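What follows is a single structure, written as structure tokens, with notes after it.
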2 protein chains.
Amino acid sequence: MSGYDIKKLVDVGLSHFWNENYGQIYPTLELLVDDRLASKREKTSVGKRKRFVYSITRKGERAFKGWLREPTVMPIVRNELQLKFFLSCNLPTSESVRLVQEYQADQRAMLEQYQESAAVLRRSIESGSRPEELDDILQVTSSASAERSEQCKVFYLTLRHGILSMKARLAWCDEVLRSLEE
Amino acid sequence: MSGYDIKKLVDVGLSHFWNENYGQIYPTLELLVDDRLASKREKTSVGKRKRFVYSITRKGERAFKGWLREPTVMPIVRNELQLKFFLSCNLPTSESVRLVQEYQADQRAMLEQYQESAAVLRRSIESGSRPEELDDILQVTSSASAERSEQCKVFYLTLRHGILSMKARLAWCDEVLRSLEE
DNA sequence: TCAGACATGTAAGTCGTTACATGATTCA
DNA sequence: TGAATCATGTAACGACTTACATGTCTGA
């Protein structure tokens with residue numbers, strides 16, 4: 001893929017659990033090339049702009065698999081809403097309620113969005129096809145039919161993580177609002 | 001509170017949604033003093049070490065309330081496990097299974113821990129008291145009886161957020177493992 | 001007496017974001 | 001023709017972590 005493709009993949013497909021920006025992507029790709037973990041080549045189709053696509057090397061594949069097997073660090077995730085909620089404990093309860101209600105509204109909006117995407121994906125998994133929107137961003141990884149359906153499923157399953165998490169947060173909002181009402 | 005107290009409060013009480021380190025705390029406290037948002041004074045009890053405690057000023061309180069009412073930004077939370085899971089889609093399924101099982105084990109261990117803390121807190125809320133462990137870290141914020149019980153409840157509710165989130169992640173693990181079994 | 005907790009801080013380095021700079025191509 | 005998108009990159013800044021430096025007090 002190219003740096004631009006990676007950015008798009010992350011923004012469109014992985015935005016519920018990852019982000020990247022060009023300031024990280026392009027320099028990192030160069031570092032990968034320096035370490036011979038990836039190779040770079042110009043791939044400019046006729047009538048197209050200049051593009052550089054990167055491919056993983058044999059050495060890169062080994063490193064990638066090594067990384068996959070390394071213990072996954074779960075950094076402490078900072079949740080500003082939780083911090084505000086905790087610190088609002090000496091203020092009038094109405095402040096805490098307002099905070100939670102805003103959080104609730106945000107999560108509801110996100111949940112709706114994700115559920116729509118999930119519905120699209122579920123339909124395409126059942127019909128065995130892959131929606132065009134995904135072709136644009138997933139085409140690069142592989143093209144065998146069995147693998148394509150597998151990718152679609154993994155895509156769907158990562159979305160499910162986001163959906164279940166947001167439902168949990170909404171359940172928390174309900175619990176808190178009930179608890180604060182007295 | 002002192003810088004050391006703040007660090008302890010965050011480590012002991014807020015670790016499921018926040019972290020801070022001395023490299024941030026001490027310089028930031030100085031900045032707050034520079035801006036007259038907090039005041040610093042030495043408070044060395046007899047036979048105790050040198051300590052500097054910081055108090056919020058009137059100006060600081062205004063700024064704090066302003067911050068509470070500012071829209072809460074929800075930064076995209078990077079979840080390395082999700083990233084690995086997504087990227088494992090072209091490898092044998094056993095790789096994905098292993099990843100999810102490790103995640104599952106981690107979340108289960110954390111959940112158990114949090115549920116224990118929550119049980120302690122629930123008991124002390126019901127009995128109207130506050131456990132001694134919390135006195136150490138919460139004593140500074142206020143001491144009126146009604147407020148103490150309120151603090152305890154807020155503490156408990158932030159823990160509930162962690163518990164519900166982890167249960168959601170475990171539900172996701174179950175869903176994925178079932179889905180991968182075929 | 002010695003480990004561990006108390007207590008305050010600094011320096012170096014890494015990571016990540018934002019803004020900027022550049023220029024081609026497509027499509028209305 | 002002009003806005004949007006494609007496409008690649010750099011520079012500056014800010015956030016965050018890690019390691020270090022220093023010294024006191026408590027309790028086994």
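Everything numeric in this text was worked out from a predicted model, so none of it was measured. Atom set for the values below is all heavy atoms of this structure, side chains included, hydrogens, waters and symmetry mates excluded. Residue numbering restarts at 1 for every chain, and letters A, B, ... go by the order of the sequence lines.
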Starting from [atom2] on [N], measure out to [atom1] on [X] and report it in whole angstrom.
X     : N      : atom1 : atom2 : value
B/Q24 : C/dA12 : CD    : P     : 17 Å
A/L31 : C/dT14 : CG    : C1'   : 13 Å
B/I25 : D/dT18 : CD1   : P     : 14 Å
A/R78 : D/dC16 : CZ    : C1'   : 7 Å
A/E20 : C/dC15 : CD    : C1'   : 11 Å
B/N21 : C/dT14 : CG    : C1'   : 13 Å
A/L29 : D/dA7  : CG    : P     : 15 Å
A/K7  : D/dT5  : NZ    : C1'   : 14 Å

Under 3.5 Å, is there a donor-acceptor pair between the A/T57 and A/S39 side chains?
no

Sequence neighbours excluded, which residues qualify as side chain to side chain contact (heavy atoms under 4.5 Å, CB included) partners of [X]?
X     : result
B/R41 : B/V53, B/S55
A/V97 : A/T93, A/Q101, A/L177, A/L180
A/Y22 : A/Y4, A/K7, A/Y26

Show me the side-chain donor-acceptor pairs of residues 103-114 of chain A shorter than 3.5 Å, one per line, residues at least two apart or across chains.
from	atom 1	to	atom 2	distance (Å)
A/Y103	OH	B/H161	NE2	2.9
A/Q104	NE2	A/D174	OD1	3.3
A/Q107	OE1	A/R169	NH1	3.0

Give me each pair satisfying side chain to side chain donor-acceptor pair (under 3.5 Å) with a member in residues 27-37 of chain A, each pair once, sequence neighbours excluded.
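For residues 27-37 of chain A: A/E30-A/K40, A/E30-A/Y54.
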
Using a cut-off of strictly less than 4.0 Å, decide whether A/N19 has a side-chain nitrogen or oxygen near OP1 or OP2 of C/dT17.
yes

If a protein heavy atom is under 4.0 Å from the base, mark B; if only from the sugar-phosphate, S; if neither, -; do that for nucleotides 4-11 of chain C going 5' to 3'.
--BBBBB-

